[in-house]
Asks: 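Take a look at this one; I'll ask things after.
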Amino acid sequence: MVILDKESFKKAVYDIVRLIPLGRATSYGAIAKAVGYPNMSRMVGAIMGDCSEEKIPAYRVVNSQGYLSGRFAFETPTKMQELLEAENIKVKDNKICNWRKVYWNPLQEIKLE
């Protein structure tokens, strides 16, 4: 397996995260699988935690159970929840409600032409 350099991996992650539809969320692991590195979910989390680009909806990426595990990377610990709730995603106790309904699986939902 060829390993991408960090910048190429980061770009691939950003490319997938930009595709997450409004009102949906996905997991670090799903992003890692979508970019071809299923064991790199922690690296995806680190990239989302360091993300400062406004056009990257990092708040839509959570852990595999729907928990807002990256919430402390935002300006305030409640900002991630506020951004999700602005898209009508309900959050309770730092976890997305109806996770199965909200969950966006890039491998199933991205249509390549």
Side-chain angles (χ1 to χ4, degrees):
M1 174 190 292
V2 176
I3 304 258
L4 289 174
D5 63 83
K6 186 175 179 179
E7 284 306 308
S8 296
F9 184 79
K10 181 177 177 179
K11 182 188 178 314
V13 168
Y14 282 0
D15 288 347
I16 297 293
V17 174
R18 280 189 193 98
L19 298 173
I20 303 170
L22 187 77
R24 304 286 298 280
T26 195
S27 69
Y28 305 111
I31 298 293
K33 286 177 190 170
V35 298
Y37 293 87
N39 297 321
M40 302 285 282
S41 57
R42 287 181 187 234
M43 180 65 77
V44 172
I47 289 168
M48 291 293 92
D50 288 340
C51 182
S52 60
E53 292 190 34
E54 288 183 27
K55 294 181 181 178
I56 308 294
Y59 62 92
R60 294 182 187 153
V61 186
V62 299
N63 84 359
S64 63
Q65 304 299 309
Y67 283 98
L68 312 188
S69 55
R71 68 187 177 278
F72 294 109
F74 291 82
E75 305 89 69
T76 67
T78 60
K79 184 66 174 178
M80 188 176 192
Q81 178 172 338
E82 292 164 11
L83 291 166
L84 290 167
E85 288 176 339
E87 296 183 6
N88 294 317
I89 296 176
K90 293 183 190 316
V91 177
K92 182 176 182 184
D93 297 325
N94 297 311
K95 184 176 190 265
I96 293 175
C97 302
N98 342 348
W99 174 235
R100 289 184 187 177
K101 182 178 177 188
V102 171
Y103 178 71
W104 180 77
N105 184 339
L107 289 177
Q108 293 177 350
E109 300 192 49
I110 294 175
K111 305 294 184 233
L112 300 176
E113 296 179 9

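Sequence positions, counted from 1, serve as the residue numbers for this chain.
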Asks: According to side chain to side chain contact (heavy atoms under 4.5 Å, CB included), who are the partners of R24, at least two apart in sequence or on a separate chain?
Replies: I20, P21, W104, E109

Asks: Do you know the tightest heavy-atom contact between P106 and I16?
Replies: CB-CG2, 4.0 Å

Asks: Any chance you could lay out the side-chain contact (heavy atoms from CB on, under 4.5 Å) test for V102 and L84, step after step, and finish with the verdict?
Replies: CA-CA 11 Å; V102 171; L84 290 167; over 6 Å; no

Asks: State, to 0.1 Å, how close L19 and D15 come at their nearest heavy-atom pair, and which atoms those are.
Replies: CG-O, 3.4 Å

Asks: Say you draw a straight line from NZ of K101 to CD1 of I89; how long is it, rounded to the nearest 0.5 Å?
Replies: 11.0 Å

Asks: Atom CD of E85 and atom CG of L83: how far apart are they, to the nearest 0.5 Å?
Replies: 10.0 Å

Asks: Taking atom NZ as the centre, does K95 end up with more than 12 heavy-atom neighbours from other residues, nucleotides or ligands that are less than 6.0 angstrom away?
Replies: yes

Asks: Drop me the distance from F9's CZ to M43's CE, to the nearest 0.5 angstrom.
Replies: 6.5 Å

Asks: If the condition is salt bridge (Lys or Arg N to Asp or Glu O under 4.0 Å), which residues does E87 pass it with, not counting sequence neighbours?
Replies: R60

Asks: Which heavy atom of K55 sits nearest to which heavy atom of R18, and what is that distance?
Replies: O-CG, 3.9 Å

Asks: Nearest heavy-atom pair of V13 and V35: which atoms, and what distance?
Replies: N-CG1, 3.9 Å

Asks: Taking ring pair (Phe, Tyr, Trp, His ring centres under 6.0 Å) as the cut-off, I'd like each qualifying pair that reaches into residues 45-75, sequence neighbours left out, listed once.
Replies: none

Asks: Give a yes or no on whether the backbone of Q65 and the side-chain of N63 come within a donor-acceptor separation of less than 3.5 Å.
Replies: yes

Asks: Given Y103 and I96, is the side-chain contact (heavy atoms from CB on, under 4.5 Å) satisfied, shown in steps?
Replies: CA-CA 9 Å; Y103 178 71; I96 293 175; over 6 Å; no

Asks: Is any side-chain heavy atom of S41 closer than 4.5 Å to a side-chain heavy atom of I31?
Replies: no

Asks: What distance separates K10 NZ from C51 SG, expressed to the nearest 0.5 Å?
Replies: 7.5 Å

Asks: Going hydrophobic residue to hydrophobic residue with side-chain gaps under 4.5 angstrom, can you get from I56 over to V62?
Replies: no

Asks: Would you say that more than 12 heavy atoms from the other residues, nucleotides or ligands in this model lie under 6.0 Å from the CZ of R42, or not?
Replies: no

Asks: Any non-hydrogen side-chain atom of Y14 less than 4.5 Å from a side-chain atom of I47?
Replies: yes

Asks: Determine yes or no for a side-chain-to-main-chain donor-acceptor pair under 3.5 angstrom, with W99 supplying the side chain and S64 the backbone.
Replies: yes

Asks: Using every non-hydrogen atom in the two residues, find where M80 and G70 come nearest and quote the distance to one decimal.
Replies: SD-C, 3.9 Å

Asks: Output, in order, the C-alpha distance, side-chain angles, deciding distance and verdict of side-chain contact (heavy atoms from CB on, under 4.5 Å) for Y28 and K33.
Replies: CA-CA 9 Å; Y28 305 111; K33 286 177 190 170; over 6 Å; no

Asks: Within this structure, what is the OG-CG distance for the pair S69 and N94, rounded to the nearest 0.5 Å?
Replies: 10.0 Å

